[in-house]
There are 2 protein chains.
Amino acid sequence: MTKINDGKTTEAPTMNDVARRAGVSAMTVSRALKEGSHVSSATRERITRAINELGYVLDQSAGSLSSRRTGFVAAIIPSINNSNFSDTARGITDALEGTGLQLLLGYTNYSVEREEELIEAMLRRRPEGIILTGGSHTPKGRRMLEQAGIPVIETWDRPAQPIDKVVGFSNGEAMELLVETLARKGYRRFGYIGGVTARDTRGSQRRAGFVRALERLGLSSDRVISFGVPPISMEQGAQAVVSMLERWPDTQVALCVSDLSAFGALMECQRRGLKVPQDIAIAGFGDYEIAACCHPRMTTVNVDCYGIGRQAALKLTQTIQAQSPGTPEPVTLTGFRVIEREST
Amino acid sequence: MTKINDGKTTEAPTMNDVARRAGVSAMTVSRALKEGSHVSSATRERITRAINELGYVLDQSAGSLSSRRTGFVAAIIPSINNSNFSDTARGITDALEGTGLQLLLGYTNYSVEREEELIEAMLRRRPEGIILTGGSHTPKGRRMLEQAGIPVIETWDRPAQPIDKVVGFSNGEAMELLVETLARKGYRRFGYIGGVTARDTRGSQRRAGFVRALERLGLSSDRVISFGVPPISMEQGAQAVVSMLERWPDTQVALCVSDLSAFGALMECQRRGLKVPQDIAIAGFGDYEIAACCHPRMTTVNVDCYGIGRQAALKLTQTIQAQSPGTPEPVTLTGFRVIEREST
DNA sequence: CTGTTAGCGCTTTCAG
DNA sequence: CTGAAAGCGCTAACAG
């Protein structure tokens with residue numbers, strides 16, 4: 001393979017091939033490819049033609065090596081398969097649109113060990129910033145993030161000791177609000193359905209919020225079913241509600257760690273001929289599409305998943321642009337609100 | 001900024017910094033970082049220590065420039081927010097695990113124009129292979145893919161003129177099978193609910209299959225509701241079934257382009273006091289989690305979304321490894337099967 | 001097992 | 001507006 005590409009090999013053409021064909025230098029081609037740089041329109045036209053004839057596509061890896069800007073932003077979410085987090089990912093990509101920044105997305109399956117691996121894998125690509133879900137990381141993961149020298153945004157949570165910037169809300173407070181809202185409605189005997197381990201930080205915070213709110217109200221917070229490895233599925237929600245009704249048949253309302261398990265519980269109740277909310281009320285968390293559409297429609301907590309992503313990405317681009325670190329607010333609190341529907 | 005990094009600046013340390021600190025050459029550091037290369041354990045230990053002290057992370061962009069292997073695989077799906085496609089994405093990442101290949105994921109929002117942009121954006125990163133959803137692309141997109149000189153895998157479909165390799169199934173045949181299965185069960189008056197435009201290729205193929213099967217059976221294929229821009233939502237499914245029952249009150253079974261719209265239709269029927277399947281039967285497509293869990297449980301077509309991703313990634317890695325192009329089978333057909341449940 | 005040299009394809013920087 | 005030289009951080013290839 002000669003250095004001079006003859007266009008007949010399968011080797012991809014380089015910028016030099018384009019330059020030669022257009023009768024200019026590579027530098028001029030580089031300029032023509034970048035917005036807002038001054039190239040005479042005649043030259044630009046010749047270059048464009050050469051690019052099309054050759055089927056040239058810019059090699060950005062090479063470019064970023066010399067410009068020291070990769071154009072990557074990394075984001076790590078627990079699951080790609082959960083519409084709450086994929087809404088956040090959508091928010092990020094949408095906010096990145098037009099900035100020339102491209103998203104490098106990874107998911108951890110709710111494992112901090114996997115998160116640590118991902119952090120390293122992504123940092124090898126030299127992203128210009130990184131967006132994480134939650135504030136729990138391995139010590140090594142945390143150290144890598146701190147030393148990376150790029151803006152770090154933790155989302156979906158309010159970490160006690162943020163690494164850098166935060167866009168999130170308190171999952172505990174959100175669950176407390178749900179409990180209070182339902183208590184005000186007259187419910188007294190509350191149950192909670194969630195996953196078993198502490199793997200899902202946000203899940204355990206919601207459970208803690210549940211307990212806190214009931215204790216404050218002087219109500220029992222014992223009715224807690226922990227079932228299945230988070231994230232718990234619809235089917236597991238169905239099984240959990242059965243356990244709950246066996247152990248505590250007088251439960252008035254079952255709060256679930258997410259709408260998905262709540263939906264499973266709701267359907268299972270119907271299958272068993274229980275009327276919701278008359279025999280048992282059910283509420284979820286997350287305001288997934290399903291909550292608004294199921295029958296009866298589900299009471300839940302809306303947490304603006306898309307907005308979390310959008311704001312995280314905005315904060316990131318602002319921080320990247322504002323050379324001086326720390327320009328945007330360090331913490332952005334995103335809203336949550338209880339959506340009362342027919343299931344309670 | 002001097003070339004020699006003193007560790008006190010915010011500049012990220014380079015391999016040379018590590019080498020100097022460990023008293024070896026950069027090349028040895030490079031070797032120590034790569035699996036299966038021979039470095040004495042004493043040297044390796046010094047290097048490892050230097051890496052930890054410095055918090056060094058390999059710069060893969062630089063590495064790929066010289067090794068001419070980026071370690072990227074690109075995948076483009078219609079929506080990240082749809083569990084069918086995110087299952088495919090999961091299948092891809094899982095199959096890529098341990099290969100040293102990293103996924104570059106993008107979504108098109110069901111727009112071929114957006115797909116074209118994404119193809120170019122991804123090719124700029126010089127992926128070693130690319131996985132697409134469906135066989136419809138813009139002419140320019142197709143040309144770029146053909147000229148990229150990397151394996152291309154089209155999935156979720158059986159394109160008439162594949163660019164390269166295919167892992168998919170015929171959406172039309174799958175829908176025909178559903179119609180036949182239900183006709184065998186005695187249903188005669190079939191309705192179809194799907195989106196309006198041809199944006200969603202797989203959606204229109206399913207509709208075409210619906211029509212074909214009914215014509216073959218000598219049954220009417222007129223009851224078609226086209227409602228909403230694909231992908232149609234649960235809520236739109238709910239509205240569509242209402243229209244259908246207004247226009248053709250004698251419809252016996254409503255087939256929906258996906259489980260999501262089918263679920264919306266199912267819930268709406270319950271809301272209106274219609275018994276499913278007695279008053280009207282409903283079937284979906286995709287076998288989403290919700291189909292197995294809703295009440296009544298939904299009849300649908302399972303299409304092995306995860307397996308499509310897994311097999312596509314396997315075919316890709318095989319093709320990348322087998323230097324000689326075209327080693328694996330060009331077309332892998334993935335299975336589909338009708339899952340009969342309570343809704344029909 | 002380790003080092004040296006060269007260069008991947010582009011952009012920065014400086015000249016013209 | 002355009003070009004030439006240098007080099008980004010790493011690894012291939014070869015030498016020892």
Side-chain angles (χ1 to χ4, degrees), chain A residues 1-5 9 11-47 50-51 54 56-72 100 123-126 128 149, chain B residues 1-5 9 11-47 50-51 54 56-72 100 123-126 128 149:
Chain A
M1 192 71 58
T2 55
K3 259 190 77 178
I4 295 178
N5 199 312
T9 69
E11 204 72 352
T14 71
M15 192 173 267
N16 258 314
D17 298 324
V18 175
R20 202 170 302 111
R21 189 167 192 118
V24 295
S25 73
M27 198 52 236
T28 306
V29 176
S30 174
R31 289 197 183 97
L33 251 29
K34 180 144 59 186
E35 314 254 314
S37 45
H38 306 273
V39 177
S40 80
S41 55
T43 311
R44 165 163 276 138
E45 185 154 330
R46 287 213 312 286
I47 292 174
I51 286 176
L54 253 34
Y56 173 72
V57 175
L58 181 68
D59 184 335
Q60 210 171 153
S61 338
S64 44
L65 185 58
S66 79
S67 69
R68 317 192 47 76
R69 293 206 51 194
T70 57
F72 275 130
L123 289 182
R124 276 203 279 264
R125 303 295 186 174
R126 295 291 185 269
E128 302 183 29
Chain B
M1 194 71 58
T2 55
K3 258 188 78 179
I4 296 178
N5 199 313
T9 69
E11 203 73 353
T14 72
M15 193 173 267
N16 257 314
D17 298 324
V18 175
R20 202 169 304 112
R21 188 165 193 121
V24 295
S25 74
M27 197 55 232
T28 306
V29 176
S30 174
R31 288 196 184 100
L33 251 28
K34 182 146 56 186
E35 313 253 315
S37 44
H38 306 275
V39 176
S40 80
S41 54
T43 311
R44 166 163 277 136
E45 186 154 330
R46 286 212 313 284
I47 293 175
I51 287 177
L54 254 33
Y56 173 71
V57 175
L58 182 68
D59 185 334
Q60 212 172 153
S61 340
S64 44
L65 186 57
S66 91
S67 70
R68 317 190 48 71
R69 292 206 52 193
T70 56
F72 275 131
L123 290 182
R124 275 204 278 264
R125 302 296 186 172
R126 295 291 186 269
E128 302 183 30

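Because the structure is predicted, anything quoted here is derived from the model rather than measured. Heavy atoms only: backbone and side chains are in, while hydrogens, waters and symmetry mates are out.
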- Task: Using a cut-off of 6.0 Å, state whether more than 12 heavy atoms not belonging to A:R124 lie near its atom CZ.
- Result: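 For A:R124, atom CZ is crowded (more than 12 foreign heavy atoms under 6.0 Å).
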How many angstroms lie between [atom1] in [X] and [atom2] in [Y], if you round to the nearest 0.5 Å?
X: B:D59; Y: A:L123; atom1: CG; atom2: CG; value: 11.0 Å
X: A:R126; Y: A:R69; atom1: CZ; atom2: CZ; value: 15.5 Å
X: B:R125; Y: A:L58; atom1: CZ; atom2: CG; value: 9.5 Å
X: A:I51; Y: A:R21; atom1: CD1; atom2: CZ; value: 12.0 Å

Identify, between B:A62 and B:R31, the residue whose nearest nucleotide on DNA chain D lies closer to the 5' end.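 Closer to the 5' end of DNA chain D: B:A62.
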Problem - 5' priority, DNA chain D, between B:L65 and A:S40 [closest heavy atom] - result: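 Its nucleotide being nearer the 5' end, the pick is A:S40.
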Give the rounded distance in Å between these two atoms: [atom1] of [X] and [atom2] of [N].
X: B:M15; N: C:dT2; atom1: CE; atom2: P; value: 15 Å
X: A:R46; N: D:dC1; atom1: CZ; atom2: P; value: 15 Å
X: B:N16; N: D:dC8; atom1: CG; atom2: C1'; value: 12 Å
X: A:K34; N: D:dT2; atom1: NZ; atom2: P; value: 16 Å
X: A:R69; N: C:dT12; atom1: CZ; atom2: P; value: 10 Å
X: A:I47; N: D:dG3; atom1: CD1; atom2: C1'; value: 12 Å
X: B:D17; N: D:dC8; atom1: CG; atom2: C1'; value: 14 Å
X: B:E45; N: C:dC1; atom1: CD; atom2: P; value: 16 Å

Query - For B:R68, side-chain hydrogen bond (donor to acceptor under 3.5 Å, both in side chains) partners two or more places apart - result: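 B:R68 satisfies side-chain hydrogen bond (donor to acceptor under 3.5 Å, both in side chains) with A:E11 once adjacent residues are dropped.
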NA contact type, B:T43, heavy-atom cut-off 4.0 Å: base, sugar-phosphate, or nothing?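 Sugar-phosphate only.
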* Asked: For B:T28, which contact category applies under a 4.0 Å heavy-atom criterion: base, sugar-phosphate, or nothing?
  ->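 Sugar-phosphate only.
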Can you tell me if the side-chain N/O atoms of [X] get under 4.0 Å from OP1 or OP2 in [N]?
X: B:R68; N: C:dG9; result: yes
X: B:S30; N: D:dT11; result: yes
X: A:S61; N: C:dC8; result: no
X: B:Y56; N: D:dG9; result: no
X: A:S66; N: D:dC8; result: no

Dot-bracket for DNA chain C, 5' to 3', Watson-Crick and G-U pairs with both distances under 3.5 Å, [ ] for crossing pairs, | for partner on another strand, reads ||||||||||||||||
**Q.** Closest to the B:M27 side chain, choosing from D:dG9, C:dG9, C:dT4
**A.**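 Nearest to the side-chain atoms of B:M27, counting from C-beta on, is C:dT4.
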*With sequence neighbours left out, write down each residue that passes ring pair (Phe, Tyr, Trp, His ring centres under 6.0 Å) with B:F72, or none if nothing qualifies.*
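Only A:F72 meet the ring pair (Phe, Tyr, Trp, His ring centres under 6.0 Å) criterion with B:F72.
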**Asked** Which comes earlier along DNA chain C counting from the 5' end, the contact point of B:S67 or that of B:S25, where each point is its nearest nucleotide?
**Response**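 It is B:S25 whose nearest nucleotide is closer to the 5' end.
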Quiz item: Given A:D17 and A:R20, is the side-chain contact (heavy atoms from CB on, under 4.5 Å) satisfied, shown in steps?
Solution: CA-CA 5 Å; A:D17 298 324; A:R20 202 170 302 111; 3.3 Å; yes
